[in-house]
There are 2 protein chains.
Amino acid sequence: MSMTQTTPRTDAVTGRQRILDAAAELFLTLGYAETSLRTIADSVGIRAASIYHHFENKDALLLEILEIGMAAVEAAFDDAAEQAPTDPALRLERHIAGHLEALFAHHAFTAAHVTVFPFAPPTVRTSAVAARDAYESRWTELLGEIAPHLDPDALRIARLALFGAMNSSVQWFDSSTSSTDDLAERIASTVAHGMLSTRGAS
Amino acid sequence: MSMTQTTPRTDAVTGRQRILDAAAELFLTLGYAETSLRTIADSVGIRAASIYHHFENKDALLLEILEIGMAAVEAAFDDAAEQAPTDPALRLERHIAGHLEALFAHHAFTAAHVTVFPFAPPTVRTSAVAARDAYESRWTELLGEIAPHLDPDALRIARLALFGAMNSSVQWFDSSTSSTDDLAERIASTVAHGMLSTRGAS
DNA sequence: GTCTATATTCTGATAGAC
DNA sequence: GTCTATCAGAATATAGAC
């Protein structure tokens, strides 16, 4: 059920995938309600009615985009968890880098979780929220291990603030001119040792 | 742009203000395009056509909401700048607390800058962007003084990550059950000394 | 799989009465 | 300042031909 975004075999991009790509990009740029099916169809080079051959309705299209984005960050978390350096600061940096890499490698799909999810129709939000919660739980656990001195309240705030910092980057970071690894290192260094520390500031 | 109708009423809450309040709340909850003028009118208890007596059109309504929100955070920055503790960490904390207080005291108006601004019509975004840039410049200057060891690139990332962390709180922080001062202290402590430091924990 | 044609509903906005 | 009435356009979605 979940396979879409990687590289299966051929370079042939199906009509279905082209619709997903175009819709994700447009939802992110213009917003969900602001993007009509006609606009998506125009971008693909088909008619709006043809979209209904591939998707039940507009909501289902958005939901699938959110699911693809969630799968991408989950996979990145798995990768980072396999490396698992023993040094806490390094371990944190690997996970931050993984999250950011996923954020920009599948940009329109993952970024949709940041900006379009809050305004998604309630039914779509409800369908997508379980996967989001699961991902957040993994981070809570991770941060709890890395910073065991923090109480649950502080842990929750730290996680949400870190998410806010990382995710906001989809609105200001240009991955075509800068490296996500570099961004990850800078964010991780600040989160780990603080802005006032001169550690890691070359 | 002469959007102030000549209505020197002395009423506590004018019809105009009630429209602004309702619209700000609805834009934030449902989104701009998702909120119709009829929905706003219903919330106020009037008809949609009556809104046009107070505002030129829907875009003008959003723009004024964004301007009110920007004025609120600017005022908070002024207040924090007047106090200006000499200790860098304390100075940072005062400004973070000011930003957060403004964020929740005028919640719907300031939060609109976080979530609805990105999807605002291009003309509205263009009109609002100058004030936003000015506010960001003040923060860049502040952070440059607090952390003089950071190069411009690192400074930009630090500022944007801090904004991301602070502003994301409108989506997860409940100011009716927790104090913004407490939140500010925790975020400031992390930003200043890092998550891995035990300084200021508990 | 994509098309044309269309049904239905909702949108922002205007005109003019009170 | 708010109302009723209405417009013109755009939206999602469906039916059925090719």
Side-chain angles (χ1 to χ4, degrees), chain A residues 4 10 12-27 29-66 116 119-125 127, chain B residues 1-27 29-66 112 116 119-125 127:
Chain A
T4 16
T10 73
V13 178
T14 81
R16 180 186 167 81
Q17 186 62 46
R18 293 185 61 216
I19 293 169
L20 280 169
D21 290 340
E25 192 64 40
L26 287 165
F27 289 165
T29 311
L30 307 175
Y32 179 67
E34 291 88 344
T35 304
S36 72
L37 293 175
R38 283 174 177 81
T39 307
I40 299 170
D42 281 352
S43 171
V44 176
I46 59 175
R47 298 289 182 168
S50 306
I51 294 177
Y52 287 90
H53 178 74
H54 301 281
F55 301 92
E56 195 187 340
N57 52 35
K58 196 187 175 187
D59 283 7
L61 182 50
L62 173 58
L63 179 58
E64 187 157 334
I65 286 168
L66 291 171
V116 347
F119 300 131
T123 54
V124 175
R125 281 211 308 275
S127 299
Chain B
M1 245 71 87
S2 75
M3 59 191 65
T4 27
Q5 304 284 356
T6 55
T7 49
R9 292 281 113 211
T10 50
D11 282 334
V13 177
T14 82
R16 179 185 168 82
Q17 186 63 45
R18 291 185 62 216
I19 293 170
L20 280 169
D21 289 340
E25 193 62 41
L26 288 165
F27 289 165
T29 311
L30 307 175
Y32 179 67
E34 291 89 343
T35 303
S36 71
L37 293 174
R38 282 170 178 79
T39 306
I40 299 170
D42 281 352
S43 170
V44 176
I46 59 175
R47 298 289 182 168
S50 306
I51 295 176
Y52 286 90
H53 177 75
H54 302 279
F55 301 93
E56 194 187 340
N57 54 32
K58 197 186 174 188
D59 283 7
L61 182 50
L62 173 58
L63 179 58
E64 187 157 336
I65 286 168
L66 291 171
V116 348
F119 299 131
T123 53
V124 175
R125 279 211 309 275
S127 299

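Source: prediction; values computed, not measured.
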With sequence neighbours left out, the residues meeting side chain to side chain donor-acceptor pair (under 3.5 Å) with B/D42 are none
From CD1 of A/I46 across to C1' of C/dC3 the rounded distance in Å is 11 Å
Partner set under side chain to side chain donor-acceptor pair (under 3.5 Å) for A/S36, not counting sequence neighbours
A/T39
Got a second to check how far A/K58's NZ is from A/L37's CG, nearest 0.5 Å?
6.0 Å
For D/dG1, does OP1 or OP2 lie under 4.0 Å from any side-chain N or O of B/S50?
no
Name every donor-acceptor pair, under 3.5 Å, that has one atom in a side chain of residues 44-57 of chain A and the other anywhere in the protein, sequence neighbours excluded.
unit_1: A/S50; atom_1: OG; unit_2: A/R47; atom_2: O; d: 3.4
unit_1: A/N57; atom_1: OD1; unit_2: A/D59; atom_2: N; d: 3.2
unit_1: A/N57; atom_1: OD1; unit_2: A/A60; atom_2: N; d: 2.9

At under 4.0 Å, does any side-chain N or O of B/H53 touch on OP1 or OP2 of D/dC3?
no
What is the separation between atom CD on B/Q17 and atom P on D/dG1, rounded to the nearest whole Å?
14 Å
Round to the nearest Å and state the distance from A/I51 atom CD1 to D/dA11 atom C1'.
13 Å
Going by ring-ring contact (aromatic ring centres under 6.0 Å, His included), name the residues that satisfy it together with A/Y32, two or more places apart in sequence or in a different chain.
A/F27
Enumerate all atom pairs, one protein N or O and one N or O from nucleotides 11-14 of chain C, separated by less than 3.5 Å.
unit_1: C/dG12; atom_1: OP1; unit_2: B/K58; atom_2: NZ; d: 2.9
unit_1: C/dG12; atom_1: OP2; unit_2: B/L37; atom_2: N; d: 2.9
unit_1: C/dG12; atom_1: N7; unit_2: B/R38; atom_2: NH1; d: 3.2
unit_1: C/dG12; atom_1: O6; unit_2: B/R38; atom_2: NH2; d: 3.2
unit_1: C/dA13; atom_1: OP2; unit_2: B/Y52; atom_2: OH; d: 2.8
unit_1: C/dA13; atom_1: OP2; unit_2: B/K58; atom_2: N; d: 3.1
unit_1: C/dA13; atom_1: O5'; unit_2: B/Y52; atom_2: OH; d: 3.1

side-chain contact (heavy atoms from CB on, under 4.5 Å) involving B/T29 - partner list, sequence neighbours excluded
B/E25
Separation of C/dG1 atom P from A/F55 atom CZ, nearest Å, is 12 Å
In whole angstroms, how far is the C1' atom of C/dT2 from the CG atom of A/D42?
14 Å
To the nearest angstrom, how far is A/R18 atom CZ from C/dG1 atom P?
13 Å
Whole-Å distance between C/dG1 C1' and A/R16 CZ?
14 Å
